[in-house]
Amino acid sequence: MNITKMLLASAVIASVAVPAAFADTSSKKIALSNNYAGNSWRQAMLTSWQKVTGEAVKAGVVAAADPFTTAENQATEQAAQIQNMILQGYDAIVIDAASPTALNGAIKEACDAKIVVVSFDGIVTEPCAWRIAVDFKGMGASQIEYLAKKMPKGGNILEIRGLAGVSVDDEISAGIHDAASKYPQFKIVGSVHGDWAQDVAQRAVAGILPSLPDIAAVVTQGGDGYGAAQAFAAAKRPMPTIVMGNRQDELAWWKKEKDASGYETMSVSIAPGVSTLAFWVAQQILDGQQVKKDLVVPFLRIDQNNLETNLASTQAGGVANVEYTLDDAKKAIATAK
């Protein structure tokens, strides 16, 4: 390694918290297999991946960290993508999966070829792969816990779910209903699917509102809070407490209402930067570290007192985010149960 490269590596190491000993993975290649990029969360996830892994490549931590996204959100296309990665000689594949089960055959092929596979967000069930998941049930339950403190007398709740048939949607909804069962003063009087998209949520809420009694609160899954607010406003219904999902348009609306009337709520979602944690976990496995197959990371919550800070750091059209360092990955690995 020449002097210029050594200096460059030293500078970048400091910015990504990489220790001096990284030579064991300096020749390794990691690929990201992403099943689609059609919403703001996925775009933020890819941006975080490129930022953090780009610095790691410059520092010589790994030789490559290439992202690939399929044109359609289909498991068959992503399986073919993984098979191409096997042929291209990648040492690890980090994957946000279209299905928890449909990719297992391709993932097993990768494992049989001695390739490390780390799934995140959309995790997989193939035993040879590692999984990085958020406690989605806990994320759902946290909304009800917040509402129980904010409005002890309770009230009627409208639930906006995510994409039907997706495990994340099922888990968040289960967390909401399990927690609600502990607080009989609350009643979930309606449920619609918003597909984690503001426009879909707005149409769904507008369609069900005429049949609903007064709504005290709306629980969501992310990407649908602003759409719900627009539907209530258009229907000239009293604005309920709407739990937000860390999207910039939601946070901006919340701040506007807070400044105008003291509106209070909270916001919660998985941080798109979880992709960077998956990268570092893959790097650690390639480095010979012992890592448990299942890791759980906390969700990102925004409250009334840190709304402005998070809004200021979230770009228009984006999502509030946290990007992970190697030290963060080591802590997650060390504390895994």
Side-chain angles (χ1 to χ4, degrees), residues 1-34 45-69 81-97 106-121 123-124 126-132 273-295 297 322-336:
M1 181 182 291
N2 61 39
I3 296 298
T4 301
K5 188 174 181 181
M6 288 175 65
L7 291 173
L8 174 61
S10 298
V12 179
I13 289 166
S15 69
V16 294
V18 182
F22 59 81
D24 288 348
T25 61
S26 60
S27 64
K28 303 296 185 180
K29 298 193 303 177
I30 300 176
L32 169 63
S33 172
N34 177 44
M45 180 271 287
L46 290 168
T47 298
S48 290
W49 171 274
Q50 291 169 334
K51 174 185 173 183
V52 171
T53 65
E55 292 171 345
V57 171
K58 289 179 182 178
V61 180
V62 294
D66 304 317
F68 299 91
T69 298
Q81 180 190 74
I82 293 168
Q83 290 166 338
N84 285 335
M85 292 172 178
I86 296 171
L87 295 175
Q88 291 170 25
Y90 284 97
D91 300 285
I93 298 171
V94 173
I95 180 171
D96 196 340
I107 290 169
K108 184 63 165 58
E109 290 181 35
C111 293
D112 289 345
K114 309 302 181 185
I115 297 171
V116 170
V117 179
V118 178
S119 62
F120 71 97
D121 182 41
I123 59 176
V124 298
E126 168 53 49
C128 72
W130 280 262
R131 288 161 290 279
I132 299 175
V274 68
S275 62
T276 64
L277 179 62
F279 164 77
W280 288 119
V281 168
Q283 185 271 337
Q284 284 291 280
I285 297 168
L286 290 174
D287 198 38
Q289 304 303 314
Q290 295 298 311
V291 179
K292 292 183 178 179
K293 289 290 186 178
D294 291 280
L295 303 177
V297 295
V322 173
E323 289 165 349
Y324 293 84
T325 66
L326 178 55
D327 283 344
D328 293 329
K330 288 184 174 182
K331 289 176 183 177
I333 291 167
T335 57

Tightest non-hydrogen contact, residues A110 and V117, listed as CB-CG2, 3.8 Å
Is there a donor-acceptor pair under 3.5 Å between the side chain of D328 and the backbone N or O of T325?
yes
Any chance you could measure E109, atom CD, to I115, atom CD1, to the nearest 0.5 Å?
10.0 Å
Would you give the length of the straight line joining atom OG1 of T25 to atom CD of Q289, rounded to the nearest 0.5 angstrom?
10.5 Å
Counting distance only, does the side-chain N/O of E126 pair as donor-acceptor with the main-chain N or O of C128 below 3.5 Å?
yes
Does the pair Q284 and L326 meet the rule for a side-chain contact (heavy atoms from CB on, under 4.5 Å), with working shown?
CA-CA 9 Å; Q284 284 291 280; L326 178 55; 3.5 Å; yes
What's the shortest heavy-atom distance between N34 and Q81, and which atoms?
N-OE1, 3.9 Å
Could you tell me whether the side chain of D66 and the main chain of A31 form a donor-acceptor pair under 3.5 Å?
no
Backbone of T69 reached by a side-chain donor or acceptor of S33 within 3.5 Å:
no
So, the side chain of S119 versus the backbone of I95: is there a donor-acceptor pair under 3.5 Å, distance only?
no
Closest heavy-atom pair, Q290 versus I333, reported as atoms and distance to 0.1 Å, is O-CG2, 3.8 Å
Could you state the interatomic distance from CE (M85) to CG (L87), rounded to the nearest 0.5 Å?
11.5 Å
Testing the basics here: between I82 and A106, what is the closest heavy-atom pair and its distance to 0.1 Å?
CG2-O, 3.9 Å
Indicate yes or no: at least one non-hydrogen side-chain atom of L32 is less than 4.5 angstrom from one of L46.
yes
For W49, run the ring pair (Phe, Tyr, Trp, His ring centres under 6.0 Å) check against F279, F68, Y324, F120 and tell me which one passes.
F279
Distance in Å, S275 OG paired with K51 NZ, rounded so as to fall on 0.5 Å steps
11.5 Å
Output the distance between atom CH2 (W280) and atom CD1 (I132), rounded to the nearest 0.5 Å.
13.0 Å
What are the two closest non-hydrogen atoms of G89 and K29, and how far apart are they?
O-CE, 3.7 Å
More than 12 heavy atoms from other groups under 6.0 Å of NZ on K293:
yes
As an exercise, state the distance from CG of L286 to CG of D24, rounded to the nearest 0.5 Å.
10.5 Å
Without swapping roles, check the side chain of W130 against the backbone of L295 for a donor-acceptor pair under 3.5 Å.
no
Provide the closest heavy-atom pair for D91 versus S27 in the form atom of the first, atom of the second, distance.
OD2-O, 4.1 Å
So, does T276 use its side chain to make a donor-acceptor pair with the main chain of E323 at under 3.5 Å?
no
Flag the pair K331 and D327 as a salt bridge only when some basic side-chain nitrogen lies within less than 4.0 angstrom of an acidic carboxylate oxygen.
no
